[in-house]
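A short worksheet on the structure shown next.
When reading the values below, keep in mind they use all heavy atoms of this one structure, side chains included, and skip hydrogens, waters and symmetry mates. Quantities reported herein were computed from a predicted structural model and do not represent experimental measurements. Each chain gets a letter, A, B and so on, in the order the sequences are listed, and its residues count up from 1.
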Amino acid sequence: MKYFALTKQHALLSDVSTPHLAAEVPALFEKIVDTTLTAAATSIDVTGLDINTDKEYLLIFRCKEATGGGGISIRIYINNDTTNTNYYTQYMIGDGAAAACGRDNDCLLVNPAASQDADVQVWIVRDVTGLARITLTECYNTTTAINAGFKGITKTATVTNITQITLTSSGANSLAIGSRLIIYKVSR
Amino acid sequence: MTLGKVLTIDAKTGEEKYEEKDLVLSPHIEYKFRDLGKEIDDIKKKVGMD
């Protein structure tokens with residue numbers, strides 16, 4: 001396992017009005033998943049999670065559309081609930097001077113075009129109410145077609161834990177060899 | 001149903017397994033991008049406000 005820590009020391013150094021804490025509590029990022037696809041896949045399913053113990057997850061997914069046949073939509077599912085309408089997504093995405101902004105009864109993570117790359121950073125928590133809440137930034141496609149955006153996703157029903165996260169593409173075996181999934185558990 | 005590879009990763013043990021599975025795939029959705037600045041400029045031109 002690899003660790004790195006962000007202490008509160010840095011923020012407090014510039015704030016003389018705040019007394020420094022007697023016990024510095026670092027935010028620990030522990031890598032619990034780091035996998036690179038060795039075969040083109042449709043879906044990646046991560047089991048054995050426990051957000052009640054782990055507190056929150058930072059998921060990083062770098063992928064490429066494998067088939068060249070067209071754009072794909074990659075969705076994120078919690079606890080094997082693969083019914084799209086059990087999620088809502090609010091999104092704001094830029095495409096040059098144009099923007100897309102809206103709310104879908106769906107759980108779209110990112111939409112790379114044919115043969116294009118995507119990179120998403122995804123924070124996953126079980127919020128105070130008990131909803132699975134996902135906040136992400138994304139950058140996908142390239143050069144004159146690059147897109148960037150951010151999204152919030154929640155499930156419509158509360159969960160007692162988050163034990164499974166699934167990423168599934170709309171295209172069969174469209175997640176290319178070399179796509180990489182990293183998950184940190186973040187205790188803070 | 002569409003046959004495709006699924007990679008399952010057990011975060012506890014680190015075990016990884018590829019399997020061929022029949023999956024019901026959801027459709028690809030295209031976002032509708034709008035350039036509102038351009039749309040406003042076009043309307044201004046139409047009504048002679050430019």
Straight-line distance of [X] [atom1] to [Y] [atom2], nearest 0.5 Å:
X: B:L7; Y: A:S179; atom1: CG; atom2: OG; result: 11.0 Å
X: B:I29; Y: A:S170; atom1: CD1; atom2: OG; result: 9.0 Å
X: B:E16; Y: A:T35; atom1: CD; atom2: OG1; result: 3.0 Å
X: B:K32; Y: A:C101; atom1: NZ; atom2: SG; result: 14.0 Å
X: B:H28; Y: A:S169; atom1: NE2; atom2: OG; result: 9.5 Å

Should [X] and [Y] be counted in the same cluster of Ile, Leu, Val, Met, Phe, Trp and Tyr side chains packed under 4.5 Å apart?
X: A:F61; Y: B:I9; result: yes
X: B:V6; Y: B:L25; result: yes
X: A:V159; Y: A:Y87; result: yes
X: A:L131; Y: A:V122; result: no
X: A:Y88; Y: A:L109; result: no

Quick one: which of [options] has the most heavy-atom pairs under 4.5 Å with chain B, could you say?
options: A:I93, A:T168, A:T166; answer: A:I93
options: A:I183, A:V33, A:I72; answer: A:I72
options: A:A41, A:G71, A:A172; answer: A:G71
options: A:D34, A:L37, A:T82; answer: A:L37
options: A:D50, A:L49, A:T38; answer: A:T38

Do you know which two heavy atoms are closest between [X] and [Y], and how far apart they sit?
X: B:D35; Y: A:A97; answer: OD2-CB, 3.3 Å
X: B:K5; Y: A:A39; answer: CD-CB, 3.8 Å
X: B:Y18; Y: A:T36; answer: OH-O, 4.2 Å

At a 4.5 Å cut-off on heavy atoms, which part of [X] comes close to chain B: side chain, backbone, both, or neither?
X: A:V46; result: both
X: A:N84; result: side chain
X: A:A113; result: neither

Toward chain A, the part of B:L23 with a non-hydrogen atom under 4.5 Å | side chain

Cut-off 4.5 Å, heavy atoms of chain A, and the answer for B:T8 is both

Over 12 foreign heavy atoms within 6.0 Å of CE, B:M1 = yes

Within 6.0 angstrom of A:F150 CZ, more than 12 heavy atoms from elsewhere | no

Do B:F33 and A:N147 have side-chain heavy atoms sitting under 4.5 Å apart?
-> yes

